[in-house]
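Worth knowing before you read on, the calculation uses all heavy atoms, side chains too, and leaves out hydrogens, waters and symmetry mates.
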There are 2 protein chains.
Amino acid sequence: MKSGEAAVKQAEEKQSAEKPTGRARGIDRVIALMEHLHDRRAPTRIADIARDTGTPRSTMYELVNTLVEARWLELRDGDGTVYFGPAMHYYGSDYLDSVDLIRKARVEVAHIAETVGETAQFCTLDGDKYLVVLNEPGRRMFRISSEIGIKVPIPWTASGRLLVDHLDAEEIRRFIPSEDFTLPDGRRIAEDEFLEDMRRARTQGYVRTTALVDRFTTCLAAPVRDPSGRCIATICFVVPADTTEEAQQVMIDTLKASAERLSPGR
Amino acid sequence: MKSGEAAVKQAEEKQSAEKPTGRARGIDRVIALMEHLHDRRAPTRIADIARDTGTPRSTMYELVNTLVEARWLELRDGDGTVYFGPAMHYYGSDYLDSVDLIRKARVEVAHIAETVGETAQFCTLDGDKYLVVLNEPGRRMFRISSEIGIKVPIPWTASGRLLVDHLDAEEIRRFIPSEDFTLPDGRRIAEDEFLEDMRRARTQGYVRTTALVDRFTTCLAAPVRDPSGRCIATICFVVPADTTEEAQQVMIDTLKASAERLSPGR
DNA sequence: ACCGTTTGTCCGAAATATCGGACGTCGGTC
DNA sequence: GACCGACGTCCGATATTTCGGACAAACGGT
């Protein structure tokens with residue numbers, strides 16, 4: 001019951017929506033299993049995975065055994081929990097190396113995180129959500145948890161203001177779900193305020209947001225644009241809100257230079 | 001027919017060894033598919049994957065569609081090739097973050113690659129093979145191809161001489177397959193030469209090899225040891241063989257310091 | 001224009017993988 | 001020491017997924 005309620009409901013919805021019958025293919029069970037682990041972001045007991053994904057216990061044990069053998073999963077700790085295994089890392093690395101822009105972004109992100117010493121990220125859109133693709137922690141050792149692969153509402157982020165800047169007011173309204181303008185603490189971002197942020201960002205060539213999802217954090221982001229000028233990704237810093245203005249200006253210049261280098265055909 | 005011969009044979013062996021019957025579970029087909037993509041390290045046409053893994057064409061199409069939908073795979077280019085998709089990266093990142101030593105090693109490898117400007121790696125054993133876990137390309141832009149997740153015979157590497165240094169001569173002979181002492185160019189490494197390398201490495205606290213698998217490359221490696229003194233991983237540089245001795249000494253000191261920081265309980 | 005090859009989809013049959021439930025163990029609690 | 005819940009394994013039945021082959025479309029070389 002520790003993380004149950006919502007997940008169970010979700011699983012049941014999934015089951016009724018996608019599977020009128022109780023029986024499913026192993027591969028679909030495995031996909032649900034991996035997605036569940038990614039959402040939980042923690043080693044999880046097999047029985048819990050089975051319950052939360054709506055998979056029969058005996059089936060889940062069978063599948064987990066197969067996946068552990070393939071190194072897709074690993075048994076952890078000795079208590080009966082499982083989590084992702086090394087094979088996922090290998091396949092993920094292959095993916096990163098196979099995408100030209102990401103491969104270049106890795107170099108930039110690593111470089112600016114090291115030289116500036118702050119957490120740097122490379123972000124894109126995934127559907128109507130914002131997504132961190134690369135994250136390099138910087139020298140500060142706090143906030144270890146990577147948000148890689150976690151989808152976030154566009155208005156919650158600095159980068160989001162750049163990633164949709166090819167849309168007009170009406171398109172924005174249709175593209176971004178209305179509820180995404182509500183921050184985790186319940187505050188709501190006014191749409192015209194968001195549009196104004198976008199306008200300023202376009203002229204300035206960067207975005208700064210402070211205390212948006214987190215009261216003590218400032219985000220600085222610069223756009224990576226394709227030859228047509230459309231923002232296809234962003235590169236950004238995540239820094240404490242009390243960072244001096246001079247330091248932030250240096251970071252902004254750094255970001256702009258990196259973003260320019262990453263923009264294809266320029 | 002372009003990459004067929006050996007792969008077909010391999011697939012048939014696999015089929016006869018693991019599957020007396022023609023029919024297999026979807027999940028096993030998927031595992032074979034992913035392994036095949038990892039071995040090829042390139043976007044591959046569906047029909048080729050089917051042939052080389054011994055999977056019926058219709059089955060492979062069905063599975064690929066499912067996996068593309070889950071973002072495990074991606075259709076590439078517009079020609080009918082597929083390769084790993086973003087989900088693999090997310091799951092791989094979760095794995096890296098979940099393993100304490102690897103998470104720390106990422107910081108070290110990124111740091112020394114950036115400051116020294118040469119390719120740095122973090123390596124371990126996987127069974128009786130050597131394995132690159134982390135690879136940070138350094139400033140030189142040559143040799144982009146990452147070897148992450150590729151298994152290599154232990155004697156071909158500098159790190160290998162550290163990773164087995166808890167074994168005596170007899171144990172080495174039993175642990176490392178005899179054919180692994182033959183280099184890719186056909187030369188053979190004498191066993192006592194290998195043992196002498198190990199001995200020297202243990203006293204010096206690092207290994208240097210030159211022109212081992214590649215005539216123009218030098219590898220420098222330092223051991224990460226557990227509290228009992230056993231080498232559980234290595235951190236290393238891959239540099240041009242004509243790098244000056246002074247520069248190499250700096251790198252060796254850098255590696256030793258990093259390896260020390262990574263060694264648990266010290 | 002012709003023909004051989006490759007691609008992707010569709011279908012029915014049957015081999016079998018999934019499922020539910022039972023069973024033995026283990027550890028903690030009262 | 002008896003009870004309870006969770007863990008992991010095993011087994012037989014059947015609903016279903018895999019498989020082979022057929023087919024149309026696209027391609028490309030001659």
Measure distances between side-chain N and O atoms of B:Arg57 and base N and O atoms of C:dG8, and say whether any donor-acceptor pair falls under 3.5 Å. yes
How close or far is atom P of D:dT16 from atom CD1 of A:Ile27, stated in whole angstroms? 18 Å
Relative to the ring of A:Phe84, is the ring of B:Tyr91 parallel (under 30°), tilted (30 to 60°) or perpendicular (over 60°)? parallel
Could you give the CG-to-P distance, from A:Asn65 to D:dG8, as a whole number of Å? 10 Å
Which nucleotide in the list C:dG20, D:dG20, C:dT18 gets nearest to the side chain of B:Ser58? D:dG20
From the set C:dT7, C:dG8, C:dG20, return the single nucleotide nearest to any side-chain atom of A:Pro56. C:dG20
Can you measure A:Arg25 atom CZ to C:dT16 atom P for me and round it to whole angstrom units? 18 Å
Under 4.0 Å between a side-chain N or O of A:Arg45 and OP1 or OP2 of D:dC7? yes
Determine whether the side chains of B:Ser98 and B:Arg103 contain a donor N or O and an acceptor N or O closer than 3.5 Å. no
Would you kindly give the CE-to-P distance between A:Met60 and D:dT9, to the nearest whole Å? 15 Å
Taking the minimum atom-to-atom distance to the side chain of B:Leu63, which one of D:dT18, D:dT9, C:dA17 wins? D:dT18
Does one side chain, of B:Arg173 or B:Ser178, offer a donor that lies under 3.5 Å from an acceptor on the other? no
With respect to the side chain of A:Arg29, which nucleotide from D:dT18, C:dT18, C:dC19 is positioned closest? C:dC19
Should A:Tyr61 be listed as having a side-chain N or O under 4.0 Å from OP1 or OP2 of D:dT9? no
With the side chain defined as heavy atoms from C-beta on, B:Thr59 is closest, among D:dC10, C:dT9, D:dC19, to D:dC19
Taking atom P of C:dA17 as reference, at what distance in whole Å does atom CD1 of B:Ile31 sit? 13 Å
Polar side chain donor-acceptor pair, A:Ser159 to A:Thr157, under 3.5 angstrom: no
Between atom CG in A:Asp79 and atom P in C:dG28, what is the gap in whole Å? 13 Å
Smallest separation among heavy atoms of A:Ala87 and A:Trp72, with atom names: CB-CD1, 3.8 Å
The nucleotide from D:dA6, C:dT18, C:dG8 with an atom nearest the side chain of A:Glu62 is C:dT18
